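Worksheet: the structure to be examined is printed underneath.
Remember, it's 1-based here, ligands and their atoms both numbered in the order they're listed. As the structure is a computational prediction, the values presented were derived from the model and not from experiment.
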Amino acid sequence: MTKTAVTVLGLGAMGTALASALLEAGHPTTVWNRSPGKASELIGAAEAATAAEAVAAGPVVIVCLSDHASVHQVLDPIGELAGRAVVNVTTTTPEQARELAVWAGKAGAVYLDGGIMAVPDMIGSPGASILYSGSAAVFADHRAVLEVWGTSRYVGVDPGLASLYDLALLSGMYVMFAGFLHGAAMVAPTGMTAVEFARMAAPWLAAMTGALAGFAAVVDNGDYTVPGQQSLAFSDLTDLIDAGRAQGIGTEMVDVVQRLIRRQVDAGHGAEGFARIIESIRAGA
Ligand code: NDP
């Protein structure tokens, strides 16, 4: 079976991993990078001298650059993208993805936005999950290309959705990482290394992800009074904050969670479930 020719713009860590997986799967692959010399390890790739030359090489153009501004810096001068399927996996905000979809449409292209939930080493394995939104036709027509990188999931026609879900998942990740580092700082004065703490924290946090589905059911149901939930009053973080201060560390990380809890307790919901802090978040500052 003839494999679709694919162009990859951007050979940073992620672009190189994407191009490498395409080559391994037998797709004729043309690559371009702003700074030359990045294609040397991509055996079998055709290296284009310019982005325009790379875009002319095939129907599918993968864009993997630093950010929204760099995507425009590369694509704007090309201008003409007639008949091209542009798959932009550069991390952008949802609004930026929507703007790029409109821009690409004016240039004659169809646009699919991607949110990569993986690090470069994971590309090419089913554990690499990539979210897509925008043109359903591009997703369907070129699914075989997209599946080369991992597990692909189409989340909707709004081009901003993949980015929104990507950033929502990253929000959970960053707060978890920061919480872990807060804990590591807390125990450090006792002589425990961060590596030792990580050994304790990783199984604990993994076990706690089991609670997510329960919180989610309560949130979707909208009833924070369902019996069996840990109450907001019980979740008071005063001891946790005092212990951090006694260890001589900053407590901003946990102060934030305490504020979200307090707002609900002060509004008279202390007996209701912890998941209710989502109402503090929804209501904003
Ligand atoms: P890198 O920093 O490794 O590479 C950035 C790439 O963008 C390089 O090819 C760089 O070219 C190019 N670039 C930056 N600015 C411009 C510009 N103005 N004009 C032309 N080219 C430009 O980043 P990654 O490859 O790691 O990430 C790429 C995208 O993938 C990002 O949006 C990132 O958020 C996303 N992503 C990355 C993940 C990761 O773990 N690495 C995970 C999930 C998503 P040059 O070599 O010339 O500097």
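For a threshold of 3.5 Å applied to N or O pairs, the pair formed by M14 and ligand 1 contains at least one separation below that value. At least one N or O atom of T91, backbone or side chain, sits closer than 3.5 Å to an N or O atom of ligand 1. Residue contacts with ligand 1: I116 is placed with no nitrogen or oxygen under 3.5 Å of a nitrogen or oxygen of the ligand (distance criterion only). Checking only distances, W32 never comes within under 3.5 Å of ligand 1, N or O to N or O. Taking any N or O of P120, backbone or side chain, none lies under 3.5 Å from an N or O belonging to ligand 1.
In this structure, D67 has no heavy atom closer than 4.0 Å to ligand 1. In this structure, A51 does not count as a contact residue of ligand 1, since none of its heavy atoms falls inside 4.0 Å of the ligand.
Counting heavy atoms under 4.0 Å from ligand 1, residue Q73 touches it through the side chain alone. Residue L65 touches ligand 1 through backbone and side chain together, judged by heavy-atom distances below 4.0 Å. Proximity of T90 to ligand 1, defined as any heavy-atom pair under 4.0 Å, is shared by backbone and side chain alike. Of all the heavy atoms of A69, none lies under 4.0 Å from any atom of ligand 1, so neither backbone nor side chain is involved.
Ring centroids of F180 and F197 are separated by less than 6.0 Å, placing the two rings close together. In summary, the aromatic rings of Y154 and Y132 are positioned with their centroids too far apart to meet the 6.0 Å limit.
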